[in-house]
Amino acid sequence: MNICMAHRGWSGKAPENTLAAIRLALSEPGITAMEIDVQLSRDGVPVLIHDFTLERTTTGSGLVMDHTLEELRALDAGSWFGEEFSNERIPTLEEALLAVKGRLTLNIELKATSDMYPGIAEKVLELLEKHDMKQEVYITSFDHDLIRQVRQLDQEVVTGLIVLGRPVLMLEQMEEAGATILSMGYPYLTRELALAAMEKGYKVIAWTLDDPHDIRTVMSWHADMQICTNHPDRMLGLM
């Protein structure tokens, strides 16, 4: 059965990467997976935010990495979406893990490059170990070297490559990185590539689909397609 993955929580109805968006996604039984974005605060705490800068989704400014957790937590991370969310703060990864534990699969995207946030892989893996959640997550990234590093640190955790474009030798890159998830931007993903990846035992995520016609198309490719969407209700209405 197709997997409905809420993008940054239910980001069509609540501010992305907040506990409000996470709770909304958890309230819908048809949502069986969720994607979140993780970076590090200046003092090395994994936090949920997509952009490398603060301006778009918070009342702060400058780089995420230049602010301590205390400074990040003081920011309003919800008003940009709607005044009713003015009390939302940037959550820590640990808060997100505690919220979703035992309830759905969590796709943790490491927004960093390995040299931008030294130690990010270790810190995320430590939290998964602490809360016994290695079997409940995927760790994915655009930085394929970082994913290779995750695999070297821990063979148990499922890892994936995020791709925007259509590189040559894509499946060979998957094998080289030790990844078993292919997460590809929908405009570049073809039915043929998706099926070839699945034949090799890989899972395939298409992102980010919000148009019902596109969602229906990708759902038709294979029953195991995973679809990442800002509007899970649109996908669930087709299932």
Side-chain angles (χ1 to χ4, degrees), residues 3-51 54 57-58 60 64-65 67-79 81 84-112 117 119-141 146-147 150 153-154 156-160 181 183 205 226 228-230 232:
I3 300 292
C4 180
M5 181 180 291
H7 185 232
R8 307 177 193 171
W10 195 329
S11 55
K13 287 192 172 184
E16 63 185 59
N17 283 314
T18 62
L19 292 178
I22 289 171
R23 284 191 290 264
L24 264 177
L26 291 171
S27 72
E28 170 50 67
I31 298 172
T32 53
M34 184 192 309
E35 186 265 0
I36 57 171
D37 302 293
V38 172
Q39 299 184 51
L40 293 183
S41 65
R42 192 174 82 199
D43 41 350
V45 179
V47 294
L48 271 58
I49 187 167
H50 175 271
D51 297 5
L54 294 163
T57 58
T58 79
V64 174
M65 66 189 296
H67 294 72
T68 64
L69 178 62
E70 185 178 4
E71 290 166 342
L72 292 173
R73 298 286 275 177
L75 303 175
D76 172 347
S79 288
F81 191 91
E84 66 271 32
F85 296 108
S86 61
N87 291 324
E88 288 302 314
R89 296 292 178 255
I90 295 174
T92 63
L93 173 59
E94 187 160 31
E95 287 175 315
L97 292 176
L98 289 170
V100 306
K101 183 175 171 63
R103 301 182 68 180
L104 48 65
T105 300
L106 193 62
N107 176 5
I108 301 171
E109 177 181 343
L110 303 183
K111 293 301 296 180
Y117 286 128
I120 189 170
E122 290 89 344
K123 289 177 184 295
V124 170
L125 289 169
E126 282 170 15
L127 286 173
L128 296 179
E129 178 79 37
K130 176 181 176 181
H131 296 290
D132 191 23
M133 288 185 66
K134 290 183 185 179
Q135 309 305 318
E136 300 180 44
V137 305
Y138 310 149
I139 295 181
T140 60
S141 183
L146 188 53
I147 290 304
V150 171
L153 289 166
D154 197 313
E156 283 183 69
V157 178
V158 174
T159 56
I181 306 270
S183 179
I205 302 169
Q226 303 197 33
C228 192
T229 176
N230 297 307

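Along the sequence shown, residues carry numbers from 1.
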Inset, instruction - Could you walk me through whether V64 and L54 pass side chain to side chain contact (heavy atoms under 4.5 Å, CB included), step by step? - result: CA-CA 6 Å; V64 174; L54 294 163; 3.9 Å; yes
Inset, instruction - Locate the shortest heavy-atom distance separating K13 from F85; write the atom from each residue and the value. - result: O-CZ, 3.6 Å
Inset, instruction - State, to 0.1 Å, how close A33 and L104 come at their nearest heavy-atom pair, and which atoms those are. - result: N-CB, 4.2 Å
Show me, pair by pair, the donor-acceptor contacts under 3.5 angstrom made by side chains of residues 68-78, not counting sequence neighbours?
| residue | atom | partner | partner atom | Å |
| --- | --- | --- | --- | --- |
| T68 | OG1 | E71 | N | 3.1 |
| T68 | OG1 | E71 | OE1 | 3.4 |
| E71 | OE1 | T68 | N | 2.9 |
| R73 | NH1 | I90 | O | 2.7 |
| R73 | NH1 | E95 | OE1 | 3.0 |
| R73 | NH2 | E95 | OE2 | 2.9 |
| D76 | OD1 | G78 | N | 2.8 |
| D76 | OD1 | S79 | N | 2.9 |
| D76 | OD1 | S79 | OG | 3.4 |
| D76 | OD2 | S79 | OG | 2.4 |

Legend entry - Which atom of T58 lies closest to which atom of G60, heavy atoms considered: OG1-N, 2.9 Å
Listing, residues 132-139 side-chain donor-acceptor contacts under 3.5 Å, not counting sequence neighbours, or none:
| residue | atom | partner | partner atom | Å |
| --- | --- | --- | --- | --- |
| K134 | NZ | E129 | OE1 | 2.6 |
| K134 | NZ | D154 | OD2 | 2.6 |
| Q135 | NE2 | E156 | OE1 | 3.2 |
| E136 | OE1 | G102 | N | 2.7 |
| Y138 | OH | Q226 | OE1 | 3.4 |
| Y138 | OH | Q226 | NE2 | 3.1 |

Legend entry - Minimal non-hydrogen separation, H67 against D43, with atom names: O-OD1, 4.5 Å
Inset, instruction - Please round to the nearest 0.5 Å and tell me the distance separating atom CG of L40 and atom CD1 of I49. - result: 12.5 Å
Legend entry - Side-chain (S141) to main-chain (L110) donor-acceptor, under 3.5 angstrom: yes
Legend entry - Atom pair CG (L48) and CG (L93), whose distance is rounded to the nearest 0.5 Å: 6.5 Å
Inset, instruction - Could you check if a side-chain atom of H7 sits within less than 4.5 angstrom of a side-chain atom of E35, using non-hydrogen atoms only? - result: yes
Legend entry - From CZ (R8) to NE2 (H50), nearest 0.5 Å: 4.0 Å
Inset, instruction - Just jot down the side-chain hydrogen bond (donor to acceptor under 3.5 Å, both in side chains) partners of T18, sequence neighbours excluded, or say none. - result: none
Legend entry - Nearest-0.5 Å distance, OH of residue Y117 to CD of residue Q39: 4.0 Å
Legend entry - Spatial distance of atom OG1 (T140) from atom CG (L146) [nearest 0.5 Å]: 10.0 Å
Legend entry - From CD (E109) to CG (N17), nearest 0.5 Å: 9.5 Å
Legend entry - Closest approach of A14 to A20 (non-hydrogen atoms, all atoms of both residues): CB-C, 4.0 Å
Legend entry - Closest approach of G44 to K123 (non-hydrogen atoms, all atoms of both residues): O-CD, 3.0 Å
